[in-house]
Protein chains: 2
Amino acid sequence: MDSAVRFLWEHDFRDLTIGELMGDTPLSRPAFYQYFKDLHGLIEALLSEVGAVMHQTAHPWINGEGEPIAALRESLKGVVQTCVHHGPVFRAVSEAAPLDERLEQTWSEFMGLWDDQVESRIKAQQREGLISKSLPARRIANALNSLDATLLIAEFGRRPQGDPKAVLDTLHHVWVATLYSQPPRKLRTSN
Amino acid sequence: MDSAVRFLWEHDFRDLTIGELMGDTPLSRPAFYQYFKDLHGLIEALLSEVGAVMHQTAHPWINGEGEPIAALRESLKGVVQTCVHHGPVFRAVSEAAPLDERLEQTWSEFMGLWDDQVESRIKAQQREGLISKSLPARRIANALNSLDATLLIAEFGRRPQGDPKAVLDTLHHVWVATLYSQPPRKLRTSN
DNA sequence: TACCATAATGACACGATGTCAGTACCTTCA
DNA sequence: TGAAGGTACTGACATCGTGTCATTATGGTA
């Protein structure tokens with residue numbers, strides 16, 4: 001299982017085979033099935049380990065602690081950091097999910113949990129008048145979370161990894177603009 | 001090849017097998033290799049058909065025709081519409097890409113093309129003073145395009161499809177806010 | 001030492017892939 | 001008409017990864 005993580009840092013998920021994996025251990029291939037149902041079972045286990053870590057790091061904004069825009073930056077920073085450390089695992093999950101009914105379910109529950117949390121934060125701040133009440137909280141939450149997942153996996157899911165600072169800035173800008181900015185008036189074109 | 005599209009509307013990509021596919025045709029399994037290198041080759045062919053259509057539909061904003069915010073909505077509408085019609089194909093591409101070096105390349109070139117176009121539109125409008133010059137054009141373009149892809153595939157990649165109007169509104173809001181809105185002042189919390 | 005549960009293995013059957021040598025078919029031209 | 005030659009197609013095969021046996025080691029317990 002450590003061996004799997006090691007593998008994913010070096011190779012793509014598509015090259016991950018049970019035989020190859022167990023070659024790195026003193027055990028034989030069938031021994032694998034002692035511990036996991038199949039490859040997807042392994043990935044599922046990896047997700048539940050690393051996924052928990054990630055949720056911790058996002059507390060500030062999720063729980064509405066302090067000034068929202070700064071708190072949001074803190075939360076995003078934590079999420080980025082988690083991906084810097086465990087990017088390949090998330091990448092493997094997202095790539096393996098479409099191949100397995102069960103894993104797909106698990107992955108979508110994981111993302112759904114984020115949607116739940118972000119949605120309820122948005123609704124809370126709509127009540128406080130910080131966010132426009134005309135935003136469809138659930139859809140926006142889902143969009144922003146999907147964006148995070150896609151971008152983070154693309155940037156940190158394999159070596160060489162992207163620049164954490166730049167990615168954080170980008171995500172933060174999109175989140176803040178989407179949630180907290182006033183709609184602009186119509187724009188004049190220069191045609 | 002029509003048969004493949006038909007299949008993808010009904011089943012998941014993971015269940016698509018060459019044998020199954022050719023069962024729908026009067027031909028035998030090996031005949032498949034007459035036309036495509038392998039499954040991924042087929043998917044690649046599907047993408048280049050449908051991808052071209054999609055680029056057409058995004059012209060207004062990409063080419064800076066008319067008032068930007070309205071043009072952007074037109075372009076996004078076209079893209080949404082394409083996905084309503086061909087969603088499962090894009091889904092198959094995105095799911096198959098991680099499994100094949102070549103296809104992954106093709107897919108990332110396809111997305112890169114969008115990034116190029118959006119980036120240069122952003123830069124043009126930065127010169128016109130419509131968009132803040134402090135935005136990193138390339139990164140923002142990439143983020144917004146990634147968002148589109150993820151959301152559209154999730155909403156229209158399989159039956160039952162989502163609500164095109166609602167998805168369009170969501171995307172449009174995020175794009176407009178990200179590109180055209182002024183950053184808000186610091187927010188007071190109600191703690 | 002005898003016993004049992006658990007861990008681990010070698011050998012197997014299966015399913016999907018991709019290839020190849022061979023056959024059917026169809027056009028062209030004498 | 002009928003031989004030649006190219007193309008479309010096929011049956012059979014080798015390969016590879018998977019998942020499951022029946023069986024054997026191993027380590028703790030009385």
Side-chain angles (χ1 to χ4, degrees), chain A residues 1-49 88-89 91-107 157-158, chain B residues 1-49 88-89 91-107 157-158:
Chain A
M1 176 139 167
D2 286 339
S3 158
V5 177
R6 236 174 302 125
F7 184 97
L8 290 173
W9 273 100
E10 305 301 334
H11 307 65
D12 285 338
F13 168 77
R14 60 168 158 268
D15 298 323
L16 178 58
T17 162
I18 296 181
E20 185 110 7
L21 231 191
M22 300 308 278
D24 270 15
T25 79
L27 298 176
S28 69
R29 196 176 61 77
F32 174 89
Y33 297 94
Q34 215 78 32
Y35 304 96
F36 305 101
K37 191 182 168 299
D38 54 18
L39 257 191
H40 308 299
L42 162 62
I43 300 291
E44 205 172 335
L46 290 181
L47 173 60
S48 71
E49 274 203 356
V89 170
R91 190 157 105 94
V93 175
S94 75
E95 292 183 355
L99 306 180
D100 183 74
E101 177 92 39
R102 253 187 78 75
L103 184 55
E104 188 173 36
Q105 182 66 19
T106 307
W107 177 234
R158 67 168 110 190
Chain B
M1 177 138 167
D2 286 338
S3 158
V5 177
R6 236 175 301 124
F7 184 98
L8 289 172
W9 273 100
E10 304 301 335
H11 308 64
D12 285 338
F13 168 76
R14 61 168 158 268
D15 298 323
L16 178 58
T17 163
I18 297 180
E20 185 109 8
L21 230 191
M22 300 308 279
D24 269 16
T25 79
L27 298 177
S28 70
R29 196 176 62 75
F32 174 89
Y33 296 94
Q34 214 78 32
Y35 304 98
F36 306 101
K37 190 182 169 298
D38 54 18
L39 256 191
H40 308 299
L42 162 61
I43 300 292
E44 204 172 336
L46 289 180
L47 172 60
S48 72
E49 274 203 355
V89 170
R91 190 157 105 93
V93 176
S94 74
E95 292 183 355
L99 305 180
D100 183 74
E101 177 93 40
R102 252 186 77 75
L103 184 55
E104 188 173 35
Q105 182 66 18
T106 306
W107 176 233
R158 67 168 110 191

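So you know, we letter chains A, B, ... as the sequences are listed, proteins then strands, and number each from 1.
A straight line from CG of L27(B) to C1' of dA8(D) spans 9 Å, rounded to a whole angstrom. Summarising the geometry, the separation between CZ on R29(B) and C1' on dC13(D) is reported as 11 Å, rounded to the nearest angstrom. Taking atom CG on L21(A) and atom C1' on dT18(D), their separation rounds to 14 Å, with Å as the unit.
The structure places CG of L103(B) at 7.5 Å from CG of L47(B), a figure rounded to the nearest 0.5 Å. Rounded to the nearest 0.5 Å, atoms CZ (R14(A)) and CD (E95(A)) are 7.5 Å apart. Atoms OG1 and CZ, from T17(A) and F32(A) in turn, are 9.5 Å apart once rounded to the nearest 0.5 Å.
Residues V93(B) and L46(B) form no side-chain contact, since every pair of their non-hydrogen atoms from C-beta on lies 4.5 Å or further apart.
When all heavy atoms of D12(A) and F7(A) are compared, the pair lying nearest together is O-CE2, 3.7 Å. The minimum heavy-atom distance linking L39(B) with L16(B) is given by the pair CD1-O, 3.4 Å. Taking each heavy atom of M22(A) and S28(A) in turn, the nearest pair found is CE-O, 3.6 Å.
Chain B approaches DNA chain C over the interval dA16(C) to dT19(C), counting the first and last nucleotide 5' to 3' with an atom under 4.0 Å from its heavy atoms.
Residues of residues 34-43 of chain B having a heavy atom closer than 4.0 Å to DNA chain D, listed by number: Q34(B), Y35(B).
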Provide a list of protein-nucleic acid N or O atom pairs under 3.5 angstrom, restricted to nucleotides 23-26 of chain D.
none

